[in-house]
2 protein chains.
Amino acid sequence: MRKLKESRRPEILDAALAIAAERGLDALSMRAVAQRMGVTPMALYGYYRSKDEMLDAVLGRLLAEIPIPPAGLGWREVIEQLAYGLRAVAVRYPSVLPLVFTRPAISPAAVRVVDATYQALLAAGAPPAQVPRLERMLSTFAVGHTLSEVSGRFGDGTLDPQARRAQLTPEQLPGHTCLASHLDNPVDWTDEFRTDLRDLCELVERLAASARTAT
Amino acid sequence: MRKLKESRRPEILDAALAIAAERGLDALSMRAVAQRMGVTPMALYGYYRSKDEMLDAVLGRLLAEIPIPPAGLGWREVIEQLAYGLRAVAVRYPSVLPLVFTRPAISPAAVRVVDATYQALLAAGAPPAQVPRLERMLSTFAVGHTLSEVSGRFGDGTLDPQARRAQLTPEQLPGHTCLASHLDNPVDWTDEFRTDLRDLCELVERLAASARTAT
DNA sequence: ACCTGAACACCGTTCAAGT
DNA sequence: ACCTGAACACCGTTCAAGT
């Protein structure tokens, strides 16, 4: 268990993010990072014990770019700004986003975002016992929706609804048939993100309201 | 653009799923699949054009294991059964779950799950124009929550809340400090999944109700 | 304190060939 | 129709050594 160096960590994370942004997550190898820094791959192991540990740090660096909203904002604004902040970061580094779902969110930056959300939910009047659950629901939505969009789970444009339905007969897909008129127009994902978030905030409000009447 | 063989595809997908379940997604290599089938790695390229294409098929095979609820159920039951079905599959093959967020959901199995959800939302009385959005919200939640749990994003037990807070001073984390009493007890993820799903169904109900009064 | 070089056990994939 | 074998350009990581 050697002691690790700190000095060039920021440089390493910058190089890693740049590679991921330019050539995708698969191209983000220790050898690529080393080459970009003009150093041997083995030099990196003085700073991180493994690639896995380096990726944790890359994720932390990413989440650190989400701005924490200033004090004095309404709770809805706080939640919206955090969600949009995550979305903005994700759009800049789409290929790194899968890491969020794949490793524990324990970096200081991640914990600060969680804490700001806790405060907002408490300010909204949500029952304290439910606040951690609601934070998990909101963050799961924000990350999941953005990741679905940028990774193509929602359909990446190259494969339109017609092509999807073509694999099965219309009789097997009554739902799609009913909604045919709504499935052809393209979707504005930013808009949908905002609408979903509003609906989820309504849900928080309703939980807060029913907690007030219960006491 | 050669013509691909079909014959041994099921065998290949079985081998791939078994490897992923036993040794994780990183161990799921073409060479490992080939070895398990007693064949040369290159033999696989007669069935799939690339590893990427094979992974798409693995995902399709996984989603095909989600049972489609029988006709005659209430819309809430349909949505719940689909969500629990996804969760059950995910728990059996946790390491494959990240693929859901990483590639388009265009397999016949995926489309059938989406269609069943469309039908349930229409039966609930949700405005047709909002049904695709609500389906995306529900599936994003179901996959995201399950993936967060099994991949450790929600905290994997080895790193408790105390350790998370220890990285920052209590003054920097007023939200965590307020909720201290609620953050120490362990969470039953299955229970939380059910509660969240109920809340989301309430949201659908409310949208349906306000659509009724608007007309 | 910081970095290198050679080596090991792996990858996905191409190409030409074999039955 | 189905599979093999050798080869290429990659991986992460260990170990011993160099300044």
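Lettering follows sequence order; numbering is per chain, from 1.
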Can you confirm whether B/D188 is buried at CG, in the sense that more than 12 heavy atoms of other residues, nucleotides or ligands lie under 6.0 Å from that atom?
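Enclosed.
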With [X], which residues qualify under salt bridge (charged side-chain N to carboxylate O under 4.0 Å, His left out), at least two apart?
| X | value |
| --- | --- |
| B/R92 | B/E65 |
| A/D191 | A/R194 |
| A/E80 | none |

Can you tell me how far apart OH (A/Y93) and CG (A/L99) are? Round to the nearest 0.5 Å.
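Result: 13.5 Å between the selected atoms.
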Provide the full list of salt bridge (Lys or Arg N to Asp or Glu O under 4.0 Å) pairs with a residue in residues 98-124 of chain A, sequence neighbours left out, each pair given once.
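Found A/D52-A/R103, A/D56-A/R103.
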Measure all distances between protein nitrogen or oxygen atoms and nitrogen or oxygen atoms of nucleotides 3-7 of chain D, and list the pairs falling under 3.5 Å.
unit_1 : atom_1 : unit_2 : atom_2 : d
D/dC3  : OP1    : B/R8   : NH1    : 2.7
D/dC3  : OP2    : B/Y47  : OH     : 2.9
D/dT4  : OP2    : B/T40  : N      : 2.7
D/dT4  : OP2    : B/T40  : OG1    : 3.4

Compare the minimum distances between each of D/dG12, C/dG12, C/dC2 and the side chain of A/Y45, then state the nucleotide with the smallest one.
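Side chain of A/Y45 sits closest to D/dG12.
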Below 4.0 angstrom, which residues in residues 9-19 of chain A have at least one non-hydrogen atom near DNA chain C?
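The answer is none.
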Return the set of residues passing side chain to side chain contact (heavy atoms under 4.5 Å, CB included) with A/R9 (not counting sequence neighbours), or none when no residue passes.
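By the side chain to side chain contact (heavy atoms under 4.5 Å, CB included) rule, A/R9 matches A/L4, A/E6, A/Y47, A/Y48.
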Side-chain atoms of residues 10-18 of chain B: list all donor-acceptor pairs with protein atoms under 3.5 Å, sequence neighbours left out, distances to 0.1 Å.
unit_1 : atom_1 : unit_2 : atom_2 : d
B/E11  : OE1    : B/R8   : NE     : 3.1
B/E11  : OE2    : B/R8   : NH2    : 3.0
B/D14  : OD1    : B/R61  : NH2    : 2.4

Roughly how many Å is it from [atom1] in [X] to [atom2] in [N], rounded to a whole number?
| X | N | atom1 | atom2 | answer |
| --- | --- | --- | --- | --- |
| A/R23 | D/dC10 | CZ | P | 10 Å |
| A/E53 | D/dG12 | CD | P | 15 Å |
| A/E6 | C/dC2 | CD | P | 10 Å |
| B/D26 | C/dC10 | CG | C1' | 12 Å |
| A/M37 | C/dC2 | CE | C1' | 12 Å |
| A/M54 | D/dC11 | CE | C1' | 13 Å |
| A/L4 | C/dA1 | CG | P | 13 Å |
| A/L44 | D/dT14 | CG | P | 13 Å |

Can you find a side-chain donor-acceptor pair between [X] and [Y] that sits under 3.5 Å?
| X | Y | result |
| --- | --- | --- |
| B/R23 | B/S95 | no |
| A/T102 | B/R153 | no |
| B/Q172 | B/T169 | yes |

Got a sec, which pairs hit ring-ring contact (aromatic ring centres under 6.0 Å, His included) with one end in residues 98-117 of chain A, sequence neighbours left out?
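Non-adjacent pairs meeting ring-ring contact (aromatic ring centres under 6.0 Å, His included): A/F101-B/F101.
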Can you tell if the side chain of B/L55 reaches within under 4.5 Å of the side chain of B/L28, non-hydrogen atoms only?
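When only atoms from C-beta onward are counted, B/L28 and B/L55 do touch, with a gap below 4.5 Å.
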In dot-bracket form, how is DNA chain C paired, counting a Watson-Crick or G-U wobble pair only if both its distances are under 3.5 Å and using | for bases paired to another strand?
||.|||||...|||||.||
Tell me, which pairs form a side-chain hydrogen bond (donor to acceptor under 3.5 Å, both in side chains) where one or both residues lie in residues 28-38 of chain A, sequence neighbours left out?
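Listed by first then second residue: A/E22-A/R36.
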Rounding to the closest angstrom, what is the interatomic distance between D/dC2 and C/dA16 at atom P?
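The answer is 22 Å between these two P atoms.
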Can a side chain N or O of A/S7 be found less than 4.0 Å away from OP1 or OP2 on C/dC2?
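For C/dC2, OP1 or OP2 has a side-chain N or O of A/S7 closer than 4.0 Å.
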Which atom pairs link the protein and nucleotides 16-19 of chain D when you take only N or O atoms and keep those under 3.5 Å?
none

